[in-house]
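Proteins come first, then strands; the chains are lettered A, B, ... in the order of their sequence lines, and each starts at number 1. Since the structure is predicted, the reported quantities are computational estimates derived from the model, not experimental observations. Scope of the values below: all heavy atoms of this structure, side chains included, with no hydrogens, waters or symmetry mates.
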2 protein chains.
Amino acid sequence: MNQLEDSHKGMRENIISTATEVFSRYGFKKTSMEDIARALRMGKSSIYYYFKGKEEIFQAVVDREADLLRVKVKEILDSAQPVTEKLRTYVKMRMDLIKQLSNYMEILKNDDLMNLELTEKFRKKYDDEEITIVRQILEEGTNKGELKVKDLNLSALAIVTAMKGLEIPLVSSTMGVESLNMVIDDMLDILFFGIVKR
Amino acid sequence: MNQLEDSHKGMRENIISTATEVFSRYGFKKTSMEDIARALRMGKSSIYYYFKGKEEIFQAVVDREADLLRVKVKEILDSAQPVTEKLRTYVKMRMDLIKQLSNYMEILKNDDLMNLELTEKFRKKYDDEEITIVRQILEEGTNKGELKVKDLNLSALAIVTAMKGLEIPLVSSTMGVESLNMVIDDMLDILFFGIVKR
DNA sequence: ATTCGACCAAAAATCTAAAACGTTCCAAAA
DNA sequence: TTTTGGAACGTTTTAGATTTTTGGTCGAAT
């Protein structure tokens with residue numbers, strides 16, 4: 001029974017891997033179950049033995065990407081860097097991911113707005129998580145005496161919000177990678193030291 | 001000839017006023033030239049005597065709103081407040097405007113994405129202007145010794161970018177006005193004083 | 001100088017039949 | 001029992017042909 005369960009999970013992984021490739025090629029909507037089935041060399045109805053439907057597959061794909069991200073985030077959080085560097089590393093990594101995802105989901109290229117809904121749906125799931133991560137960093141910095149933050153929750157929200165502003169030129173590819181990095185660095189300098197003279 | 005020019009300009013103003021009402025009611029795409037003409041009680045072809053076309057009317061409408069805004073901005077800039085307060089006032093005013101405009105253009109309610117393109121098109125026109133305004137404030141603060149900014153241009157860009165992050169929950173009305181104001185205040189505190197202890 | 005009805009090409013809305021789609025069912029294979 | 005795929009179902013999407021609406025032009029009338 002263990003073997004059976006394992007092969008079941010193995011097949012799920014197999015499907016997720018293949019689906020990831022197909023989704024990243026055609027986007028969510030343009031990918032049909034037949035596309036996935038063909039790539040797997042199975043009948044499409046077989047997929048329904050392992051997944052409830054198309055959205056569940058996509059959810060699984062996104063979840064796996066998120067898991068990979070969580071590992072990286074944990075590495076950063078557990079590292080011995082000063083918190084300012086942790087934050088810097090985290091922000092840059094996050095921006096790389098967003099850029100990747102925006103290509104991946106083809107938010108812009110696709111005509112339909114279903115994608116916007118879907119994007120929002122999945123984003124909401126990770127919004128709170130992101131605020132938590134930033135707050136954790138801020139908390140650590142406060143405890144170590146490196147930072148001085150008035151309200152942890154609000155500050156984390158403010159930082160995440162500011163990062164979202166950076167997404168806009170990134171996703172619409174108005175901004176090159178070089179100038180984006182400059183803006184990030186400047187934003188973080190302001191974030192760390194403020195602009196008021198004292 | 002002066003009279004004629006005046007009446008010409010007067011009629012243009014008349015059209016702009018009426019068009020503003022109709023546009024704010026139906027949005028850009030859903031209002032037809034006939035709608036505007038009917039509201040003006042004219043034949044629609046008469047409008048073309050004063051304006052080149054629909055987009056020019058809309059442009060004029062937006063420009064007039066922008067002019068009203070510029071007056072307010074000038075008041076703030078010329079006031080005797082400390083620059084930190086100027087910035088605070090400016091940011092809050094800007095957010096009010098965005099909220100107004102997002103209702104006005106009905107970015108969300110409308111199904112089509114033409115509106116997104118159009119919004120972007122008009123936004124680009126004022127993006128540089130906004131960065132200039134913020135940079136002006138930063139410059140004044142630096143000259144008066146109130147602020148200490150490394151790179152004026154980059155910092156202005158960073159601040160404007162962060163403000164755009166705030167637009168997202170504002171436009172999609174995910175965030176109430178109260179909590180928005182808290183986030184703004186917190187963002188500005190961070191902006192002014194940073195989060196690094198010293 | 002100003003207004004407007006008639007007109008045009010292009011775009012948008014409307015309709016319909018066929019194709020494609022996600023999903024279910026079931027019998028057969030493993 | 002687990003796994004598979006062919007057939008079938010109801011729904012959504014698509015394509016094409018048709019009609020309506022729209023933004024814009026023109027020339028005549030005032």
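- With C:dA1, C:dT23, D:dG6 as the choices, the nucleotide that has an atom nearest any side-chain atom of A:S45 turns out to be D:dG6.
- Remark: P of D:dG24 and OH of B:Y50 are 18 Å apart, rounded to the nearest angstrom.
- The CD1 atom of B:I159 sits 5.0 Å away from the CD1 atom of A:I190 when rounded to the nearest 0.5 Å.
- Side-chain nitrogen and oxygen atoms of A:Y48 include none within less than 4.0 Å of the OP1 or OP2 phosphate oxygen of C:dC25.
- With no hydrogens or angles considered, a side-chain donor-acceptor pair links A:Y90 and A:E130 at under 3.5 Å.
- The CE-P distance, from A:M42 to C:dG22, rounds to 16 Å in whole Å.
- Protein atom NZ of B:K54 is 14 Å distant from nucleotide atom P of C:dA11, rounded to whole Å.
- In this structure, A:K72 places its NZ atom where only 12 or fewer heavy-atom neighbours from other residues, nucleotides or ligands lie under 6.0 Å away.
- Distances shorter than 4.0 Å separate none of the side-chain N or O atoms of B:Y49 from OP1 or OP2 on C:dT3.
- At a cut-off of 3.5 angstrom, counting only N and O atoms as typed in the model, there is a donor on one side and an acceptor on the other between the side-chain of B:K44 and the base of D:dG23.
- For the pair B:K29 NZ and D:dT22 P, the interatomic distance rounds to 12 Å; values are reported in whole Å.
- Looking at B:R88 and B:D189, a side-chain N of the basic residue comes within less than 4.0 Å of a carboxylate O on the acidic one, giving a salt bridge.
- Between A:E34 atom CD and D:dT4 atom P there is a gap of 17 Å when expressed in whole angstrom units.
- An OP1 or OP2 oxygen of D:dG5 is reached within less than 4.0 angstrom by a side-chain nitrogen or oxygen of A:S46.
- Between B:F58 and B:F28, the ring planes are tilted. Angles from 30° to 60° get that label.
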Give the table of side-chain donor-acceptor pairs shorter than 3.5 Å for residues 175-184 of chain B, with sequence neighbours excluded, one pair per line with atom names and distance.
from, atom 1, to, atom 2, distance (Å)
B:S179, OG, B:G176, O, 3.3

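- Rounded to whole angstrom, the span from the CD1 atom of A:I47 across to the C1' atom of C:dC21 amounts to 13 Å.
- Checked against D:dT14, C:dA13, D:dG5, the side chain of A:K30 finds its nearest nucleotide in D:dT14.
- Nucleotide C:dG22 holds its C1' atom 10 Å from the CZ atom of A:F28, rounded to whole Å.
- Under 3.5 Å, the side chains of B:D35 and B:S32 contain a donor-acceptor pair of N or O atoms.
- Computed from C1' positions of five pairs at each end, the angle between the two local axes of the helix from C:dA1-D:dT30 to C:dA30-D:dT1 equals 30°, rounded to 10 degrees.
- As rounded to whole Å, 15 Å separates atom P of D:dT3 from atom CG of A:L40.
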